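Note sheet for the following structure.
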Amino acid sequence: MGNNNEKIVSSKEIRNKTLLAFAIFFLLIIGALFGWRWINNQPQDNGIPTPLRAVLNGNENLFSNYIYSPDNSSKAYSPADAVPRVRVNGDAGLGDDFDAAAWKLQVVRKPGDTLFLSLDEIKALPKTEVIFDFKCIEGWSQITHWSGVKFSDFVNKYQLTNQSTMNYVGLNTPDKKYYVGIDTRSILHPQTLLCYEMNGKPLPMNQGYPLRLIIPVKYGIKHLKRIGTIFFSNTKPKDYWYERGYDYYSGL
Ligand SMILES: Nc1nc2c(c(=O)[nH]1)N[C@H]1C(S)=C(S)[C@@H](COP(=O)(O)O)O[C@H]1N2
Ligand SMILES: [Mo]
């Protein structure tokens, strides 16, 4: 049997190769450390260094321009799949000084022209249910059951079709302490609701009574609880978690 492919290697050669391998290994580690230091020394853009923000913006561009489709609905479940105890997360903008009796939804049609709507007026529109897997960027998710008015039905009913040709919709809590901006296409998605019920009952206070946003094509951070004002804009409205370093788009 001929071992024609075998080659005698001297221990010196083995030692040299091992040394080379270790040298490359250390150079890569040092490169990574310097790279990380360089990234962190770059100017900040909304809570994170500009190179990291550029990566998030690149993802947003890819997802919003090439991957988003209104037919991409999140999977629908049956009411029996929904958890009875819905987790409560995040209380920014949900202060105790809220006067629920005086609440009206404010819709800014254009600067100086605001529509005020009561909860009954919103409930007069067709009721839509959505049962979906609610995902928080913190890593938990649960199947939850919501009802309300499709944002797209609301836009048609209140003749906001011109406004909704703008790029973004901004939403604030009544005290303006929590706020989100959403690309108009996602807010017009057929699963997006102005939601006033959870598991068939009025929303609890800590889950956004009287009205919250439910937008299954986005992570939890965009599902603003207790809507005070809605407005339309061609530029990105300010966004609470974006300012703290998260992705603006936050799509699923
Ligand atoms: N007003 C307000 N809305 C909010 C938040 C908040 O802090 N304040 N947190 C968001 C986050 S991070 C999540 S995951 C969901 C949680 O909704 P839930 O409390 O009904 O589970 O609400 C979102 N809406
Ligand atoms: Mo979240």
Side-chain angles (χ1 to χ4, degrees), residues 88 90-130 146-218 220-243 248:
V88 177
D91 61 1
L94 301 182
D96 296 333
D97 49 353
F98 175 59
D99 183 355
W103 177 90
K104 293 247 169 151
L105 175 66
Q106 301 188 28
V107 185
V108 184
R109 283 186 285 216
K110 55 179 194 278
D113 173 16
T114 301
L115 183 66
F116 289 79
L117 296 171
S118 68
L119 188 56
D120 285 339
E121 288 172 288
I122 294 161
K123 284 184 172 173
L125 273 74
K127 186 171 174 179
T128 304
E129 284 197 352
V130 58
W146 312 89
S147 1
V149 172
K150 272 188 198 176
F151 198 87
S152 58
D153 286 348
F154 176 78
V155 159
N156 291 334
K157 159 83 184 180
Y158 287 101
Q159 288 156 14
L160 301 163
T161 27
N162 274 345
Q163 285 81 349
S164 62
T165 59
M166 290 194 223
N167 297 336
Y168 295 97
V169 177
L171 301 98
N172 297 323
T173 54
D175 65 5
K176 308 240 182 301
K177 288 188 177 153
Y178 196 78
Y179 35 91
V180 298
I182 293 172
D183 50 291
T184 308
R185 226 173 14 179
S186 296
I187 211 165
L188 293 177
H189 186 281
Q191 289 179 315
T192 304
L193 301 184
L194 291 173
C195 160
Y196 51 81
E197 276 180 12
M198 185 183 83
N199 293 336
K201 298 196 194 72
L203 289 174
M205 270 297 169
N206 56 9
Q207 290 183 302
Y209 182 87
L211 193 70
R212 75 177 296 171
L213 189 68
I214 286 293
I215 179 160
V217 295
K218 300 285 187 193
I221 47 177
K222 297 287 186 179
H223 299 229
L224 180 135
K225 300 189 273 192
R226 194 186 285 168
I227 307 173
T229 310
I230 298 177
F231 61 96
F232 299 82
S233 163
N234 273 324
T235 52
K236 281 181 177 167
K238 67 184 201 137
D239 187 279
Y240 186 91
W241 284 109
Y242 175 68
E243 289 171 358
Y248 194 92

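Treat the numbers as computed from the prediction; the structure is a model and nothing was measured.
- When atom types are taken as modelled, the side chain of Lys150 and the backbone of Leu194 share no donor-acceptor pair closer than 3.5 angstrom.
- Here the CE-OG1 distance, from Met166 to Thr235, works out to 10.0 Å after rounding to the nearest 0.5 Å.
- Between Tyr248 and Pro237, some side-chain heavy-atom pair lies under the 4.5 Å cut-off.
- Two residues are said to be in side-chain contact when any heavy atoms from C-beta on lie closer than 4.5 Å; Phe231 and Thr114 fail this criterion.
- When side chains are defined from C-beta on, Leu115 counts as touching Tyr158, because their heavy atoms get closer than 4.5 Å.
- The side chain to side chain contact (heavy atoms under 4.5 Å, CB included) test applied to Asp97 returns no partner, not counting sequence neighbours.
- Sorted pairs that involve residues 153-172 and meet salt bridge (Lys or Arg N to Asp or Glu O under 4.0 Å), not counting sequence neighbours, are lacking altogether.
- Rounding to the nearest 0.5 Å gives a distance of 9.5 Å between CE of Met198 and CD1 of Ile214.
- Distance OG/Ser233 to CD/Gln163: 12.5 Å, rounded to 0.5 Å.
- The side-chain heavy atoms of Ile182 and Leu213, taken from C-beta on, include a pair separated by under 4.5 Å.
- With respect to the salt-bridge test (charged N to carboxylate O, under 4.0 angstrom), the residues Lys222 and Asp183 do not qualify.
- The heavy-atom pair separating Ile122 from Val149 by the smallest distance is O-CG2, 3.2 Å.
- Here the closest non-hydrogen pair linking Cys195 and Glu197 is SG-O, 3.4 Å.
- Shown are Leu105, Ile187, Leu193; of these, the side-chain contact (heavy atoms from CB on, under 4.5 Å) with Phe154 is made only by Leu105.
- Using cut-offs of 30° and 60° for the angle between ring planes, the Tyr240 and Tyr178 rings count as tilted.
- Using a 4.5 Å heavy-atom threshold, the side chains of Asn156 and Thr161 count as touching.
- Across all their heavy atoms, Val217 and Ser186 have their closest contact at CG2-CB, 4.0 Å.
- With sequence neighbours excluded, the residues that form a side chain to side chain contact (heavy atoms under 4.5 Å, CB included) with Lys176 are Asn172, Thr229.
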Please step through side chain to side chain contact (heavy atoms under 4.5 Å, CB included) for the pair Phe116 and Glu121, ending with a clear verdict.
CA-CA 10 Å; Phe116 289 79; Glu121 288 172 288; over 6 Å; no
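- Aromatic ring orientation, Phe232 versus Phe151: tilted (interplanar angle from 30° to 60°).
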Ile230 and Val169: side chain to side chain contact (heavy atoms under 4.5 Å, CB included), yes or no, with the steps?
CA-CA 7 Å; Ile230 298 177; Val169 177; 3.8 Å; yes
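- Judged as a side chain to side chain contact (heavy atoms under 4.5 Å, CB included), and not counting sequence neighbours, the contacts of Asp113 are Arg109, Lys110.
- Between Asp91 and Lys225 no salt bridge is recorded (no basic side-chain N to carboxylate O distance below 4.0 Å).
- Looking only at distances, a side-chain donor or acceptor of His223 sits under 3.5 Å from a matching main-chain atom of Ile215.
- The two atoms that bring Pro216 and Val130 nearest to each other are CG-CG2, 3.9 Å, heavy atoms only.
- If you take OG on Ser147 and CG on Leu203, they are separated by 9.0 Å, rounding to the nearest 0.5 Å.
- The side-chain heavy atoms of Arg226 and Pro174, taken from C-beta on, include a pair separated by under 4.5 Å.
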Kindly determine whether Tyr179 and Glu243 satisfy side chain to side chain donor-acceptor pair (under 3.5 Å), including the steps that lead there.
CA-CA 10 Å; Tyr179 35 91; Glu243 289 171 358; 2.7 Å; yes
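- With hydrogens and angles disregarded, a donor-acceptor distance shorter than 3.5 Å links the side chain of Trp103 to the backbone of Ile227.
- Side-chain contact between Gln191 and Trp146 is absent, with no heavy-atom pair separated by less than 4.5 Å.
- Residues Ser118 and Asp120 have side chains that never bring a donor and an acceptor to within less than 3.5 angstrom of each other.
- For Arg185, the side chain to side chain donor-acceptor pair (under 3.5 Å) criterion is met by no residue, not counting sequence neighbours.
- Judged as a side chain to side chain donor-acceptor pair (under 3.5 Å), not a single pair has a partner in residues 204-217 (not counting sequence neighbours).
- When atom types are taken as modelled, the side chain of Ser164 and the backbone of Thr184 share no donor-acceptor pair closer than 3.5 angstrom.
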